[in-house]
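Working notes for the structure below.
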Amino acid sequence: MTEQMIKKSRYSLLLRLAFFFFSFLLIYSLLIGYVFIKSSINYEKEVNEKLNKDIAVEIVKDASPFLNGQVSENKVQDLMHYLMTVNPSIEIYVLNASGEILTYMAPNKVVQLKKVSVLPILKFIDSKGNEFVQGDDPRNPGKVKVFSAAPVLENNKLLGYVYVILASQEYDGIASSIQSSSFLQLTLKSFLIILIISFIIGFAIFWITTKNLSHIIDVFRKYKSGDMKSRISLPLPNTEYSVIEKTFNEMADSLERKIIQIHEIDKLRKELIANISHDLRTPVASISGYTELLIDKNDSLNASDRVKYLSIIDTNSKKMEKQIQDLFDLSKLESAHYKLHLEPLHMGELVADIADKYKLLANKKGIHLNTIFSKNLPLIQADIALMDRAIQNLVENALKFSGTGSTINIEIGQAPDKIIIFVSDNGIGIPESDIPFIFDRYKIGKKNVENSTGLGLAIVKKIIELHHAAIHVLSKENRGTTFTIEIPV
């Protein structure tokens, strides 16, 4: 059923295309034919005028129509009759100086005008017949025709003009009949040529269109059947279907990326569940084991052992609590609905407070904790609680991986439109192979550390990203690590 519909739509498209081109070319050919006929008529008139431009001058030279200032009727009539016999397509008129018709020789003696305009006559005489000019037709008021004209002078006085119409009314009638016949023949020939051209063009466009369309339909079917790698590559590029090609391919690429992301997220989810299960299993097992020991041997345990076991239970409980809290915090930060509570913040004051908080712990471990910053730092817009959490995590991280005698520096510098925070230590450093993954969840590194949840740096990175800031790490194994945070002012 679908194949029949496609074939039917193709034939319908072919007929529409052929009809469109046929109509277009027919109208175009009729216009061209009309312009051609009109141009031919004007060309013929201009040639006629050029060939016979001196006929009026010759008439005046051979026999002037005036004698002693008056029209010589007999002389004029004899001359006109002779000329009309030799060239029956002309009409001869004798005009006075203002353009009034004094006498004439015209077929059927039908003349409706008593006067013609002398302006075209003067223009013709001035150009000596070299400029195409048309004058009034005495037999058809409101129409113009090609002519020849010459002034008649006697004793240097203008008596009038000889005005010769070069295409009589009878000539126009015959010419019009021939032109109509020619136009009809031209139209019929054009019709046949256009009909053939229309179907050739229609079939060509139909072939081009359906070739691309068939390929597009084929790709759609493959994609529907599960071939997610199918892409449109048109056999004939740069057509109106190129937009469909680009749109579909972009959509397919986008869907493929989304599917890959979903698989990656699913893989991370499975890893996350496995890591949580593993990390919680150890403290839970420890708590369970020592709790059972306390229950079973409660009467035989001395106070010192009892305190020791309870201390282990407490430590593992806190570790598990921190693991769950970190996981909850990271999930909350990754939520699309999480909103920052932005306030003006002086990073120097925040860093000083954090340093004071960890001073005692650093001193116990024999680590020097220093802060370096200017009091004139610009304020930034930040979520104070989150920024405090991020810097604390970096400081805690440095304390965990630094030994006795090490130094940790928290330094704040300035650059155009941003402040830069450096948290550096000269501890054990990070293996080069681990650096690209240092901000991933549960990436603790090869040198695992007690009480580390593996989520601290992932939380730091998410907090920095939420502030449209950037964090980088530079580390050398056994030489130390420096975290750099760039925050826009």
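Residue numbers start at 1 and run along the sequence shown.
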Could you grab the distance from atom [atom1] of [X] to atom [atom2] of [Y], nearest 0.5 Å is fine?
X: T404; Y: I367; atom1: OG1; atom2: CD1; value: 7.0 Å
X: E245; Y: I232; atom1: CD; atom2: CD1; value: 6.5 Å
X: I384; Y: L340; atom1: CD1; atom2: CG; value: 12.0 Å
X: S317; Y: I312; atom1: OG; atom2: CD1; value: 11.5 Å
X: D388; Y: D353; atom1: CG; atom2: CG; value: 8.0 Å
X: Y358; Y: Q392; atom1: OH; atom2: CD; value: 4.0 Å

If we ignore hydrogens and angles and just use 3.5 Å, is the side chain of [X] paired with the main-chain N or O of [Y] as donor and acceptor?
X: N397; Y: N393; value: no
X: T481; Y: N426; value: no
X: N370; Y: N409; value: no
X: T484; Y: F422; value: no
X: D434; Y: P431; value: no
X: S402; Y: L399; value: no
X: K359; Y: L369; value: yes

Quick check: closest heavy atoms across [X] and [Y], and the distance to 0.1 Å?
X: P378; Y: I419; answer: CG-CG2, 4.0 Å
X: A470; Y: H472; answer: CB-NE2, 3.9 Å
X: I464; Y: I471; answer: CG2-N, 4.0 Å
X: L379; Y: P344; answer: CD1-CB, 4.1 Å
X: A398; Y: D425; answer: CB-OD2, 3.6 Å
X: I435; Y: S475; answer: CD1-O, 4.0 Å

Are there more than 12 heavy atoms of other residues, nucleotides or ligands under 6.0 Å from atom CG of D296?
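For D296, atom CG is crowded (more than 12 foreign heavy atoms under 6.0 Å).
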NZ (K123) with more than 12 external heavy atoms under 6.0 Å
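At most 12 heavy atoms, drawn from other residues, nucleotides or ligands, come within 6.0 Å of this atom.
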Partner of D383 by side-chain contact (heavy atoms from CB on, under 4.5 Å), out of K339, R389, H341, E343
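That would be H341.
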Under the side-chain contact (heavy atoms from CB on, under 4.5 Å) test against F483, which residue among V460, L457, I421, L474 passes?
L457
Would you sort out whether I487 and M387 count as a side-chain contact (heavy atoms from CB on, under 4.5 Å), showing the intermediate values?
CA-CA 11 Å; I487 307 174; M387 195 59 69; 3.9 Å; yes
Close side-chain approach of [X] and [Y], heavy atoms under 4.5 Å:
X: D136; Y: P120; value: no
X: M347; Y: L350; value: yes
X: I313; Y: L294; value: yes
X: S406; Y: H368; value: no
X: I380; Y: H467; value: no

Which class fits the ring pair [X] and [Y]: parallel under 30°, tilted 30 to 60°, perpendicular over 60°?
X: Y223; Y: F248; answer: perpendicular
X: Y290; Y: Y309; answer: tilted
X: F124; Y: F147; answer: tilted

Give the intermediate values and the outcome of salt bridge (Lys or Arg N to Asp or Glu O under 4.0 Å) for residues K222 and D218.
CA-CA 6 Å; K222 288 181 180 178; D218 185 51; 3.7 Å; yes
If you apply the rule side-chain contact (heavy atoms from CB on, under 4.5 Å), what do you find for K357 with V395, and how did you get there?
CA-CA 11 Å; K357 186 184 296 183; V395 174; over 6 Å; no
For residues 251-260, dump all side-chain donor-acceptor pairs below 3.5 Å to protein atoms at least two apart in sequence or in another chain.
{"from": "D253", "atom 1": "OD1", "to": "R231", "atom 2": "NE", "distance (Å)": "2.8"}
{"from": "D253", "atom 1": "OD1", "to": "R231", "atom 2": "NH2", "distance (Å)": "3.0"}
{"from": "E256", "atom 1": "OE1", "to": "R231", "atom 2": "NH2", "distance (Å)": "2.8"}
{"from": "E256", "atom 1": "OE2", "to": "K229", "atom 2": "NZ", "distance (Å)": "2.4"}

Are K318 and D314 close enough for a salt bridge, meaning some N to O gap below 4.0 Å?
yes
CA sep, side-chain torsions, deciding dist, call: D137, K145, salt bridge (Lys or Arg N to Asp or Glu O under 4.0 Å)
CA-CA 6 Å; D137 181 4; K145 287 189 174 182; 3.4 Å; yes
